[in-house]
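Presented below is the structure to which this report refers.
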Number of protein chains: 2
Amino acid sequence: MERSVRELWAESRELLGLHAEDVPRADLPPAPLAFVRDHVSPGRPLIVSAAATRHWPAASLWPTESYLPDALHSTDVSVHLTPSGRADALAPHPHPRRPGARCFASAHVRRVDFPSAVRLIRGSDPAAGLVAYAQQQDDCLRGEYAAVAGDVDAHVPWASEALGCLPEAVNLWIGNSCSVTSFHKDHYDNIYVVLSGEKHFLLLPPTEHHRLYIRDYPAACYIAEQETEEVPPRLKLEIEEPERIVPWSSVDPYPASPEEMAAQASSFPLYFKGPRPIRCTVRAGEMLYLPSMWFHHVSQSAGPNGLTIAVNYWYDMQFDIKYAYFNFMRSLEIKHSPSDTSDDAIEGELEEKNI
Amino acid sequence: MERSVRELWAESRELLGLHAEDVPRADLPPAPLAFVRDHVSPGRPLIVSAAATRHWPAASLWPTESYLPDALHSTDVSVHLTPSGRADALAPHPHPRRPGARCFASAHVRRVDFPSAVRLIRGSDPAAGLVAYAQQQDDCLRGEYAAVAGDVDAHVPWASEALGCLPEAVNLWIGNSCSVTSFHKDHYDNIYVVLSGEKHFLLLPPTEHHRLYIRDYPAACYIAEQETEEVPPRLKLEIEEPERIVPWSSVDPYPASPEEMAAQASSFPLYFKGPRPIRCTVRAGEMLYLPSMWFHHVSQSAGPNGLTIAVNYWYDMQFDIKYAYFNFMRSLEIKHSPSDTSDDAIEGELEEKNI
């Protein structure tokens, strides 16, 4: 029997010319027209070399030890705190009556002065139960970090011309290798610029939606065990009240133990036995164009200053026929027998979901 | 139960901003970047006003009575002859043992001098069993009609810049209101320019594939009853030997009689009871951008010279994620009970085809 979804995966990768370690690279920023035609329209990622940011003051200043702490010494910023470095990610459900269940865990957010934020990030230690990540996906570069926003271009000129608009949000991300971003997609065309350290992306095209087993999880939040302003606090996880449900990917591509790996591979065979995710590393100074609706998982390495620093520009995406096709595909369910973990089990039946 | 395919139809039309009588129009040719971003990438048709062709000698010369017959008086051209004006369309199967069956009928092609071709076209009469259409989809403007090819632009500059290539083929079409082109799609981005008379299009986006009931038909060809060079010949339909199968739309949007209309509506409810096709008329001097993979049905009206004259530019399409999604959607079959002609019958089950 025809395996329509698997053929869709294979054909979309083939037509996009994308293989497992093979994101197209450009030495210079593309011309706007070629960028729309060859990347935005087909939905094909692109890495642009560090030539794209050579004129940014941030390219030389931000990787240093002291520039940002000096420039922001009296600025309060938002720091996301988790025990493990996994914010907006699945975690064991905190209720003892729900053994084995998982929930969607958000970070505990504290406002601290920037030098304290950097100390928290550098001191991050999952073994000690505290990892800090300075980020806030609310246009924070032009908000909390306005004092240093002039160190980068206010927008990406070739992308703005190509997409016909200015960015909806520009966000700053400062962490280190302890922080990991779980698989998700954004409804934006994204230009992701690394300024210190490296970001390691696992990418899946939107056509591979079913491989991520997006299921409904109850929302939870890390809170401080005692309500003090003590920094660093001890964190515990609580289910949000009233209950809120978040659809999120069930897949962890890097399980911590062989047992977890076996459990993941058995539960999520479309991911673990399917085509390899597309991998790329974006180095300091480089830009990644990540097309809207692409699933991405991000891990990172720190630069010489002990930090991974990145800025991303979110441009409103075009909701067009690709988006309608995506929703159509997503509405179809791949049924397979969970008890059968042989290779055949990943072949399934396509059916309309009863939603 | 969710009707995923119907939602796909509704959502793609909604996102493209396309309603039944509402193809976007532009007074001036679009800038190449805006054309790619707003039309090619999302797959959205566009009509450009006659300002686009005002500088073409053809715009004033070709609608006259005598210019083309004079310019081409000694040129042999290909004329497609059918009894009904329907070439490359379904026709009753010629074998008496196959009552009710249909085949895919191609025209009888004759090479005649251009003035004779014009006489045949002007004399077309389905009642008398002969309709002529001068066309050949083989880059014929730059081939058979090279003597007048300089009367139009060799390519459409804004489209060539936008698409990053020159047209693969430029075709000339000369007929009158007796000729009709049945529903089909092309694997090209198409710029269709009317120079005399009007073309009336029925359009369906690629997402509405299932509404056209594309099925396999045996290929047939009109041949002259006697093998003479007599012009006009009497035509009869013969099944091709060896057998050749052509997948073609089963739908005739304009059935000739109330009985045929009832039979079509009962057999093809997804078309006749679904959303109305998008309709547009392209007038002399105007250009239609028809995105690749869009289904189109074309009828026409003659200009003051008794002819409908058009030139179309076929540009290679980009085979990308939209094409992969299309193939995925096409691989799914909508099953419904053919005996049940109530409205409910058009709701069906989506299943993988066993192919």
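Just the heavy atoms: all of them, side chains too, but no hydrogens, waters or symmetry mates, feed the values below. Per chain, numbering begins at 1; letters A, B, ... match sequence-line order. Bear in mind the structure is a predicted one, so any value in this text is a computation, not a measurement.
Distance check: B:Y323 OH to A:Y325 OH gives 11.0 Å after rounding to the nearest 0.5 Å. The structure places CZ of B:R44 at 10.0 Å from CD1 of A:I321, a figure rounded to the nearest 0.5 Å.
By a heavy-atom distance cut of under 4.5 Å, A:E161, A:A162, A:L163, A:G164 are the residues of residues 158-168 of chain A near chain B, going up by number. At a heavy-atom separation below 4.5 angstrom, chain A is approached by B:P32, B:L33 within residues 24-33 of chain B.
A 4.5 Å side-chain heavy-atom check between A:S331 and B:E7 finds every atom pair outside the cut-off.
The shortest non-hydrogen separation linking B:D320 to A:L15 is O-CD1, 3.4 Å.
Of the N and O atoms on the side chains of A:N327 and B:E11, at least one donor lies less than 3.5 Å from an acceptor on the other residue.
Summarising the local packing, CD of B:Q137 is surrounded by more than 12 heavy atoms from other residues, nucleotides or ligands at distances under 6.0 Å.
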What do the steps show when you test B:M329 against A:F328 for side chain to side chain contact (heavy atoms under 4.5 Å, CB included), and what is the final call? CA-CA 9 Å; B:M329 174 200 66; A:F328 168 70; 4.0 Å; yes

Which is it for A:L332 and B:L332 under the side chain to side chain contact (heavy atoms under 4.5 Å, CB included) test, yes or no, and what are the steps along the way? CA-CA 11 Å; A:L332 305 173; B:L332 305 174; 3.4 Å; yes

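Contacts classified as side-chain hydrogen bond (donor to acceptor under 3.5 Å, both in side chains) and involving residues 34-43 of chain A (residues at least two apart or in different chains) are given here: A:S41-B:S41.
No other option in B:E14, B:Q318, B:K322 has as many heavy-atom pairs under 4.5 Å with chain A as B:Q318.
Considering only residues two or more places apart in sequence or on other chains, A:T181 meets the side chain to side chain donor-acceptor pair (under 3.5 Å) condition with none of them.
With a 4.5 Å cut-off on non-hydrogen atoms, A:F35 does not touch chain B at all. Looking at A:L16, only its side chain comes within 4.5 Å of chain B, counting heavy atoms on both sides.
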